[in-house]
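In this chain, residues are counted from 1 in sequence order. All values below were derived from every heavy atom in this structure, side-chain atoms included, with hydrogens, water molecules and symmetry-related copies excluded.
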Amino acid sequence: MDFIESLFYMIWRGIAIGVLISAPMGPVGILCIQRTLDKGRRTGFYTGVGASISDLFYCLLTGFGLSFIEEFIERNQNVIQLLGSAVLIGFSVYLFKKNPATKLKKPVDEGGDPKKNILTGFLFTFSNPLILFLIIGLFARFNFLVPEIRFYHYIIGFVSIMAGAIGWWWLVTFFIDKVRSHFNLRSMYLINRVIGVIILLFAIVGIATGISNLISS
């Protein structure tokens, strides 16, 4: 495989993996949508960027075989899951009690504090180490790790994963921002309640799973 062929090999596979990692609508996806509707597109997008950074971190762990970190995450998976679920519960309560009447006007899309939004997106995604299994499956499906690929090709591949993930969140926030004008006070109220309940369910399942695993271990 020559340089150009290897380059395209890693780029399109990296973009595909980045999109497929981000596409499942888990808690961070719901958070991204809620923030886009509530605070503007940049806030939602920065949240997605944080999630993409977490995804890239797990991809690097898988790709470069940092076994000592993987072992640490595996040993503390239940604790991480419980802490992440506690964060989800706090956020779901916040959404459920939030008054949407203050958000009737189109928000000024200033993005808030980018670092804070990126950090929360990162933590929401990082609290689910089970994503490692999805990444391993995607790496195997796309033959991302092959002996003939050189180190600098992998750098391009991982950059492409990040680009694919960020591109996905750009599209999601673009679409949500375009349809946000169709939401009124009642719909925003219902959306906050529904999203709050969905995130709470994610948290309950996470806590139940974490406690069950701790008891059985």
Quick one: [atom1] on [X] to [atom2] on [Y], what's the gap to the nearest 0.5 Å?
X: L171; Y: I166; atom1: CG; atom2: CD1; answer: 12.5 Å
X: D113; Y: I118; atom1: CG; atom2: CD1; answer: 9.0 Å
X: D38; Y: I33; atom1: CG; atom2: CD1; answer: 13.0 Å
X: Y46; Y: L119; atom1: OH; atom2: CG; answer: 15.0 Å

For [X] and [Y], work out which heavy atoms get closest and say how close.
X: A51; Y: T125; value: CB-OG1, 3.1 Å
X: I135; Y: D55; value: CD1-O, 4.0 Å
X: T47; Y: R35; value: OG1-NH1, 3.0 Å
X: W169; Y: G48; value: CD1-O, 3.2 Å
X: S52; Y: M162; value: O-SD, 3.6 Å
X: C59; Y: F158; value: O-CE2, 3.5 Å

Criterion side chain to side chain donor-acceptor pair (under 3.5 Å) against T173, the qualifying member of R42, R41, K178
R41
Candidate pair I161 and R13, rule side-chain contact (heavy atoms from CB on, under 4.5 Å), full reasoning
CA-CA 8 Å; I161 289 175; R13 280 170 170 77; over 6 Å; no
Look at the side chain of S212 and the backbone N and O of A208, then say whether any donor-acceptor pair between them is shorter than 3.5 Å.
no
Donor-acceptor check, side chain of Y58 to backbone of F126, threshold 3.5 angstrom: yes or no?
yes
Between F57 and F122, what is the ring plane arrangement, given parallel below 30°, perpendicular above 60°, and tilted in between?
perpendicular
F45 versus T36: any side-chain heavy-atom pair under 4.5 Å?
no
